[in-house]
Amino acid sequence: MSDLSRAGNAPASSSTSASPELQRNSQGRTENLSHAPSGGQTSASAAEASHEPSFDVAAAQSTAARNAHDTGVSDSGRWSTRRIAIYALFVALAMATSFVEFPIMPGVPWLKYDPSGIVCLIAGFTFGPSAAGIVSVLGFTPHLLMDPWGTLMAVLVSLALSVPAALVYKYRRSQGGAIAGILLGAACALVAAILGNLVVTPIYAHMSVAQVAALIVPALLPFNLIKFAIHGVATYLIYKPVSNLLHR
């Protein structure tokens, strides 16, 4: 009996002595559970994490939608559908005005003025030398089949006029820069017109170089001076309103 009583009492004493440790362990587990995120918080965090990429996807989709109408570049100084459309408008205007020809000097009716150079200058002042070059070349393409040599001369003179003027204005965007660019372009175009006539005119006009040279002072020089003066004055007066309209 005494042995059984001692055996029966032993678990009670051991449980009593172990109870503080069990309490400490249970408290530790309780503290760990209290610091662990709840299921609601975990699911909310997961939901937020699942929603975060959607904003990136939406931003990428909106960017793709904006670029869907572009040619790979933006409007600021580079190619875009809007800029291509404006260039096409300038080319169409240059084509149309290149057919508006009329003599401006008596005695030389075969030297005719056309206002296409004004369109090329305004394109260059508005969008830079590349626009001036594109409009100068493409604006005279309809004349290639009718008068290839005359078209070559017209393109050469137009490039010599508009590209240097646009280069000057690109780095000096002021009224003084515009005037300096027009004067430089007129000087380059005048040289190109004289040299081009000496080289090209004898080929298709059945004239000798001496005969063409004899026309420089009485005909070619004053005609081109008047022509470039008209181009320059008209461009100076209207390029700024046109530029402001196109950049709205």
Side-chain angles (χ1 to χ4, degrees), residues 86-143 150-197 215-248:
I86 294 175
Y87 279 27
L89 175 62
F90 274 115
V91 171
L93 286 174
M95 287 181 181
T97 53
S98 68
F99 287 97
V100 181
E101 298 178 330
F102 51 90
I104 56 175
M105 279 187 60
V108 282
W110 48 276
L111 291 175
K112 296 181 179 181
Y113 172 83
D114 70 84
S116 59
I118 300 172
V119 180
C120 299
L121 279 171
I122 294 175
F125 279 5
T126 307
F127 293 108
S130 60
I134 292 171
V135 176
S136 297
V137 173
L138 297 182
F140 290 96
T141 51
H143 298 272
T151 302
L152 177 63
M153 279 283 301
V155 170
L156 177 65
V157 173
S158 183
L159 287 172
L161 173 67
S162 60
V163 173
L167 277 172
V168 172
Y169 188 69
K170 177 181 179 181
Y171 296 103
R172 192 178 168 189
R173 301 189 73 85
S174 63
Q175 290 186 353
I179 294 173
I182 291 172
L183 291 177
L184 177 62
C188 294
L190 184 63
V191 173
I194 299 301
L195 293 179
N197 274 287
L215 293 173
I216 292 177
V217 175
L220 296 178
L221 187 60
F223 169 80
N224 284 286
L225 286 175
I226 297 172
K227 174 181 177 178
F228 300 140
I230 297 173
H231 284 355
V233 171
T235 301
Y236 181 79
L237 292 175
I238 66 176
Y239 87 92
K240 201 62 178 179
V242 172
S243 178
N244 292 336
L245 179 64
L246 293 174
H247 284 101
R248 284 182 180 177

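Quick caveat, the model's predicted, so the values are computed rather than measured. Heavy atoms only: backbone and side chains are in, while hydrogens, waters and symmetry mates are out. One-based numbering along the sequence shown.
- Residues satisfying the ring pair (Phe, Tyr, Trp, His ring centres under 6.0 Å) criterion with Phe125, sequence neighbours excluded, are Tyr169, Tyr239.
- Side-chain contact between Val233 and Ile182: absent, with no pair of heavy atoms (C-beta onward) separated by less than 4.5 Å.
- With 3.5 Å as the limit, one finds no donor-acceptor pair spanning the side chains of Ser116 and Ser98.
- Checked by atom type and distance alone, the side chain of Thr97 pairs as donor or acceptor with a backbone atom of Ala94 at under 3.5 Å.
- The 12-atom threshold is exceeded at CZ of Phe102, counting heavy atoms of other residues, nucleotides or ligands nearer than 6.0 Å.
- Using a distance-only test at 3.5 Å, with no hydrogens or angles considered, no donor-acceptor pair links the side chain of Ser158 to the main chain of Ala154.
- Legend: residues meeting ring pair (Phe, Tyr, Trp, His ring centres under 6.0 Å) with Phe127, ordered by chain and number and at least two apart, are Tyr87, His247.
- The main-chain N or O of Leu138 is found under 3.5 Å from a side-chain atom of Thr141 such that the two form a donor-acceptor pair.
- Side-chain atoms of Thr151 come within 3.5 Å of backbone atoms of His143 as a donor-acceptor pair (strictly under, hydrogens ignored).
- Closest approach of Phe228 and Val157 over heavy atoms only: CZ-CG1, 3.7 Å.
- Closest approach of Asn224 and Ala193 over heavy atoms only: OD1-CB, 3.6 Å.
- Across every non-hydrogen atom of Ala192 and Ala160, the tightest pair is CB-CB, 3.8 Å.
- Thr235 has its side chain within reach of Ile122: a pair of non-hydrogen atoms, C-beta onward, lies under 4.5 Å apart.
- A distance of 11.0 Å separates CG in Leu159 from CD1 in Ile134, rounded to the nearest 0.5 Å.
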